[in-house]
2 protein chains.
Amino acid sequence: MNIGEAAKASGVSAKMIRYYEQTGLIPPAGRTAAGYRDYTMKDVHVLRFVRRARDLGFSVAEIDGLLQLWRDRGRRSADVKRIALGHIGDLRRRIAEMQQMAATLEQLAACCSGDDRPDCPILADLERPSQVASDEPKRMRGAVDGRSPRGRKPQKSKSRKTSRK
Amino acid sequence: MNIGEAAKASGVSAKMIRYYEQTGLIPPAGRTAAGYRDYTMKDVHVLRFVRRARDLGFSVAEIDGLLQLWRDRGRRSADVKRIALGHIGDLRRRIAEMQQMAATLEQLAACCSGDDRPDCPILADLERPSQVASDEPKRMRGAVDGRSPRGRKPQKSKSRKTSRK
DNA sequence: CATGAACCTTCCAAGCGTTGGAAGGTCAAG
DNA sequence: CTTGACCTTCCAACGCTTGGAAGGTTCATG
């Protein structure tokens with residue numbers, strides 16, 4: 001089976017199959033005399049595993065761990081569960097953050113007349129200084145994605161008390 | 001005010017300020033004789049706008065639109081609202097997908113004993129062929145992110161009926 | 001057999017937003 | 001003058017995926 005057929009059978013694009021091989025997530029496939037990658041049903045099985053895990057939002061790193069456990073007959077299900085629970089926590093966190101954003105925006109949008117006039121509470125909100133310096137827990141500001149690099153790190157920058165004016 | 005001070009005052013890192021300038025999101029800052037970027041309070045105001053919009057999850061492209069509207073005294077609030085509603089829709093969609101993932105995983109994790117034995121319903125689920133070919137509505141399989149490139153496109157590849165065996 | 005379509009190969013680049021670092025210049029204070 | 005904290009530009013990486021170019025292979029057709 002060549003890579004195109006393996007892609008169709010597994011649901012993983014040929015591009016991604018090569019990428020996963022390159023990064024070591026999956027072992028190098030066999031090769032035909034002509035140099036074409038050659039896949040067995042077992043390989044497709046692995047690819048489907050990867051695909052399903054991606055569908056559930058696991059990162060490639062997490063999938064790597066899951067794959068190793070999958071192959072390990074002597075694994076402890078606790079290890080699998082730990083990875084899954086960690087991922088669930090990630091998801092719940094990101095969901096909560098996005099819900100917070102959506103709620104704020106919906107509130108603002110509800111107050112916006114949405115007509116030809118320029119006055120807009122949405123812009124008014126964006127304009128106001130972000131209330132970061134409060135004593136609140138300071139929860140990851142933009143963080144939504146957890147995985148995609150959307151404003152994750154709190155942008156510390158320590159403090160730099162000198163006022164060079 | 002140099003870039004470090006502007007960063008502290010706006011909550012946008014110096015790195016990102018340079019990046020936003022480079023990509024044209026914000027206009028080039030003034031320069032001192034020595035070549036240092038020089039910021040006014042007005043510049044900081046813009047940066048804070050950007051920051052707040054990022055916090056609400058707007059993409060840079062969306063912020064670009066919002067900034068233009070912000071500067072446009074003759075804007076129609078409807079245009080602002082449209083962008084906001086579009087973003088809310090994005091958020092809601094991504095939230096729903098992540099909730100679906102989390103729910104599935106929680107169900108699986110709940111069935112996993114999480115002990116020293118190898119049997120694990122989580123791995124069993126990952127192993128099974130993804131149920132794509134059913135007659136169901138076929139809802140975006142991997143799509144979670146909307147913005148981050150997480151399995152969005154259904155990976156078409158048309159069809160290629162020949163079975164080269 | 002020659003042609004061409006449809007595959008395969010590798011390599012390079014982009015995209016999101018952000019961070020890190022290197023190499024060098026500048027500013028203020030000691 | 002030296003020192004350290006800033007600034008400058010440029011290049012690279014993160015995670016995941018896609019696109020394309022340039023070239024080789026396979027197979028069915030004319």
Side-chain angles (χ1 to χ4, degrees), chain A residues 1-8 12-23 25 28-29 31-39 50-51 53-55 57-64 141-165, chain B residues 1-8 12-23 25 28-29 31-39 50-51 53-55 57-64 90 142-165:
Chain A
M1 193 179 351
N2 66 28
I3 200 172
E5 289 166 328
K8 270 213 308 185
V12 181
S13 74
K15 285 270 190 194
M16 288 314 296
I17 294 176
R18 294 196 194 94
Y19 172 75
Y20 289 147
E21 178 183 316
Q22 188 190 325
T23 58
L25 179 66
R31 296 282 182 151
T32 66
Y36 282 20
R37 284 179 183 78
D38 195 32
Y39 293 89
V50 173
R51 176 66 149 81
R54 286 301 290 151
D55 284 354
F58 285 100
S59 70
V60 169
E62 286 166 332
I63 296 175
D64 192 46
R141 293 116 44 300
V144 167
D145 235 0
R147 189 119 41 235
S148 90
R150 190 59 145 308
R152 226 139 0 131
K153 303 260 168 64
Q155 189 169 172
K156 51 208 179 226
S157 85
K158 265 319 158 21
S159 78
R160 182 209 164 185
K161 49 202 67 170
T162 61
S163 71
R164 153 195 339 229
K165 171 167 23 63
Chain B
M1 200 185 337
N2 66 29
I3 199 172
E5 290 166 328
K8 270 213 307 185
V12 181
S13 72
K15 286 271 189 193
M16 288 313 297
I17 295 177
R18 295 196 193 95
Y19 172 75
Y20 291 147
E21 177 183 316
Q22 188 191 326
T23 57
L25 179 65
R31 297 281 181 149
T32 67
Y36 283 20
R37 284 179 183 77
D38 195 32
Y39 295 89
V50 172
R51 175 64 148 78
R54 288 299 292 149
D55 282 355
F58 286 99
S59 68
V60 169
E62 286 167 332
I63 296 175
D64 191 47
D90 271 5
V144 168
D145 234 2
R147 186 125 40 235
S148 88
R150 189 60 144 306
R152 228 144 354 138
K153 304 262 167 62
Q155 188 169 175
K156 47 200 184 242
S157 85
K158 266 316 158 20
S159 76
R160 182 205 164 188
K161 49 201 68 164
T162 59
S163 71
R164 151 187 342 209
K165 165 172 32 69

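In the text below, chain A, chain B and the rest are named by the order of the sequence lines, each starting its count at 1.
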side-chain contact (heavy atoms from CB on, under 4.5 Å) with A/Y20: of A/Q22, A/M16, A/R18, only one passes, and it is A/M16
Rounded to whole Å, the CD-C1' distance (A/Q22 to C/dT9) equals 13 Å
For B/V50 and B/I63, the nearest pair of non-hydrogen atoms, with its separation, is O-CD1, 3.9 Å
Atom CG of A/L25 and atom C1' of D/dG15 are separated, to the nearest Å, by 13 Å
Between CD of B/E5 and P of C/dC27 the distance, given in whole Å, is 14 Å
Exercise for the section: Kindly say if A/R51 contacts the phosphate of D/dT17, meaning a side-chain N or O under 4.0 Å from OP1 or OP2. Expected result: no
The answer to which of B/D38 and A/Y20 contacts DNA chain D further toward the 5' end, by nearest nucleotide, is B/D38
- Item | OP1 or OP2 of D/dT18 under 4.0 Å from side-chain N/O of A/S13 | yes
Testing D/dC16, C/dT10, D/dT8 for proximity to the side chain of A/R37, the answer is C/dT10
Polar-atom pairs under 3.5 Å, protein N or O versus N or O of nucleotides 21-25 of chain D: list them with distances, or write none.
residue, atom, partner, partner atom, Å
D/dG24, N2, A/Y36, OH, 2.6
D/dT25, O4', A/Y36, OH, 3.1
D/dT25, O2, A/Y36, OH, 3.4

(message) Please confirm whether the shortest side-chain N or O distance from A/N2 to OP1 or OP2 of C/dC8 is below 4.0 Å.
(response) yes
Picking from D/dC16, C/dT18, D/dT9, the nucleotide nearest the side-chain atoms of A/R54 would be D/dC16
- Phosphate contact (C/dT10 OP1 or OP2) by A/R31 side-chain N/O below 4.0 Å: yes
Assign each of B/A61 and B/T32 the nucleotide of DNA chain C bearing its closest heavy atom; nearer the 5' end lies the nucleotide of B/A61
Q: Kindly say if A/Y19 contacts the phosphate of D/dT18, meaning a side-chain N or O under 4.0 Å from OP1 or OP2.
A: no
In whole angstroms, the gap separating P of D/dC16 from CD of A/E62 amounts to 9 Å
Atom CD of B/E21 and atom P of C/dG17 are separated, to the nearest Å, by 17 Å
Which of D/dC16, D/dT8, C/dG17 is nearest the side chain of B/M16? It is C/dG17
In whole angstroms, the gap separating P of D/dC7 from NZ of B/K8 amounts to 11 Å
